[in-house]
Amino acid sequence: MYDKKVQRMLLEMMAALNLVIILFLSMTIGITAERIAQSGQARAFFDQVSAVPNSPRATPIIAVSLFLLLLGTMALIRRNDGTPFRQKLLVAATLVLLIALMAALRMSYAGVVLLVAAELLVFFESRRTQTIFIGIMTVLFLCSDYDLISLQIPMVSFQDYLFYYNTNTANLLISTKNVLISINMLLFITVIVQMSLQRSAEHEKVIRLNAELGEANQRIMAYAIESERSAAIHERNRIAREIHDSIGHILTSISAGLDACITLTDRSPEHVREHLVVLADVSRSGLQEVRRSVHALGAEQPEHLVTAEVVRKMARDTEAASGVRVTLDSMLDQVELQMDEADTVYRIVQESMTNAIKHGGATEISIRIKLEGRWLVVIVHDNGSGCEDCQKGFGLRHMEERVALLGGRLRVKSFCGFTVMARLNIRWRDENDQGIDSRRPGADPAKPANCPECV
């Protein structure tokens, strides 16, 4: 922004200086012509020149008017608020006015070409357009030489008017003209150098920004790879939980049922068939559960997660297959759970029964699902052997992860058997919120539920 302000200031200085030069040259021509006519030296003047001057007295008005029109067209080009065709017309008009102005000054001054070149080089951004424009301006600058033009078109130059003055005055006027032209040339060189420095700075900035963009892209790619890896690990863990919970529970139930069948083979062979039928049903339902887990259809809400009846069916199937007495006291019929909440409740009950049969050797399991304020509490207690120093295995760890995702907490106790207690911060659907989550003050999730009585 600062560089553009400097450019604009230099170009305005060039415009003001060119106006001064044009006034100086045109006024000198006009005043000198008037003095020659008044002094009666017109005859001598015509003997010195090769052509009759055209209206020298009107030269200042014509030259200044053409210069102001030239500044106006360049201002319109800088605004850049028209179509490309309109911009080309303005550029063409600028070149025509430039030639007319130099002709009005009798080809005595070509410095205005530098002003137009500097103005339009700042405007043109395309390298190709700049090259073409520089070529055109170079041709104009070379063709504006008086000695070259006067060979084809006879005209009276600025120097021809100076014969009227004495040597000192003529030298002073020529020196003044040369000094002004030199200053204009220095300003033009300064503008070009400043433009080059600006372009160089912009190029370096682009290189730096490209380097920073490359580094940012590398960081984004690394983050994307890490996110993809984390997502894959999370998905593998989720599928592992599903398979562990479903297969572990089904195989434990079948294993306990087969042990019962082996025992009944000698004592009551007629009951073995009944147990095998139950085990066949359990294995078929387990097969469906395994298929659902393997295909990881987590985005679809399975039917068995919708109502409380599935927990009752699981309890009945476990009791029938393993021979373990299972009692259920559930308030799930009084609440509508979301998919992740229902799945968490189902897995807690499933894994707790599996551990009770497989590791605790329990013969009785008590399941209580109740509401405490806005919290759902799940308690699974068995009369198995429990454990003095309970080390959390795969199943317990993943139960904790499921509960933590719902903002709840899981605790275990080994007293008169083994107890699993989970408090879930479920999302309620009030009648007046049309499905929008709302929460009321409830029990503190950090506060453990009371240990149930021994069964």
Side-chain angles (χ1 to χ4, degrees), residues 9-42 44-68 70-71 97-119 137-138 140-151 153-194:
M9 181 186 69
L10 292 172
L11 290 172
E12 289 175 355
M13 291 175 61
M14 280 190 70
L17 179 62
N18 275 270
L19 178 60
V20 171
I21 295 173
I22 291 170
L23 282 173
F24 169 74
L25 295 176
S26 61
M27 292 293 291
T28 300
I29 292 173
I31 293 173
T32 304
E34 184 69 23
R35 289 186 175 183
I36 290 174
Q38 292 178 359
S39 63
Q41 299 181 17
F45 175 73
F46 288 138
D47 291 340
Q48 297 289 329
V49 298
S50 59
V52 178
N54 296 322
S55 304
R57 298 175 182 177
T59 298
I61 298 175
I62 296 173
V64 172
S65 299
L66 290 172
F67 182 72
L68 294 178
L70 183 66
L71 293 180
L97 289 172
L98 176 61
I99 295 173
L101 176 59
M102 290 191 297
L105 294 175
R106 313 300 192 267
M107 295 298 175
S108 300
Y109 176 61
V112 70
V113 176
L114 302 179
L115 171 64
V116 175
E119 280 278 3
M137 300 309 292
T138 302
L140 281 178
F141 189 80
L142 294 176
C143 293
S144 63
D145 183 74
Y146 171 79
D147 295 331
L148 180 64
I149 297 298
S150 62
L151 295 176
I153 304 174
M155 62 179 63
V156 180
S157 69
F158 175 78
Q159 284 79 2
D160 291 334
Y161 285 95
L162 299 184
F163 101 97
Y164 171 77
Y165 302 101
N166 57 42
T167 303
N168 292 334
T169 304
N171 289 336
L172 177 61
L173 292 174
I174 292 175
S175 299
T176 303
K177 174 189 172 183
N178 292 335
V179 169
L180 293 175
I181 291 175
S182 298
I183 295 173
N184 184 66
M185 182 66 73
L186 288 174
L187 287 175
F188 175 75
I189 294 173
T190 304
V191 170
I192 297 302
V193 170
Q194 200 276 336

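Not measured: the values here are computed from a predicted model. Quick note: numbers below take in every heavy atom, side chains included, and nothing from hydrogens, waters or symmetry partners. Numbers here simply count residues along the sequence, with the first being 1.
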Which one of Leu187, Ile189, Ile181 satisfies the side-chain contact (heavy atoms from CB on, under 4.5 Å) criterion with Met185? Ile189
Could you check Ile192, Val191, Thr190 and say which one makes a side-chain contact (heavy atoms from CB on, under 4.5 Å) with Phe188?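 Per the side-chain contact (heavy atoms from CB on, under 4.5 Å) rule, the option paired with Phe188 is Ile192, out of Ile192, Val191, Thr190.
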Could you measure the distance from the [atom1] atom of [X] to the [atom2] atom of [Y]? Nearest 0.5 Å is fine.
X	Y	atom1	atom2	answer
Leu105	Leu25	CG	CG	6.0 Å
Leu114	Leu186	CG	CG	11.0 Å
Leu70	Leu19	CG	CG	11.5 Å
Ile22	Leu17	CD1	CG	10.0 Å
Glu34	Ile31	CD	CD1	9.5 Å

Closest approach of [X] to [Y] (non-hydrogen atoms, all atoms of both residues):
X	Y	value
Ile21	Tyr109	CD1-OH, 3.4 Å
Ile62	Ala104	CG2-CB, 4.1 Å
Leu101	Val112	CD2-CG2, 3.9 Å
Thr28	Thr32	O-OG1, 2.5 Å

Neighbour count above 12 (heavy atom, 6.0 Å) for Met27 CE: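 Check fails, neighbour count at 12 or below.
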CA sep, side-chain torsions, deciding dist, call: Leu173, Phe24, side-chain contact (heavy atoms from CB on, under 4.5 Å): CA-CA 9 Å; Leu173 292 174; Phe24 169 74; 3.9 Å; yes
Mark yes or no for whether Asn184, through its side chain, and Leu180, through its backbone, hold a donor-acceptor pair below 3.5 Å. no
Do the side chains of Leu23 and Pro60 get nearer than 4.5 Å, heavy atoms only? no
Decide side-chain contact (heavy atoms from CB on, under 4.5 Å) for Leu71 and Glu119; before the verdict, give the C-alpha distance in whole Å, the side-chain angles of both, and the deciding distance to 0.1 Å. CA-CA 10 Å; Leu71 293 180; Glu119 280 278 3; 5.7 Å; no
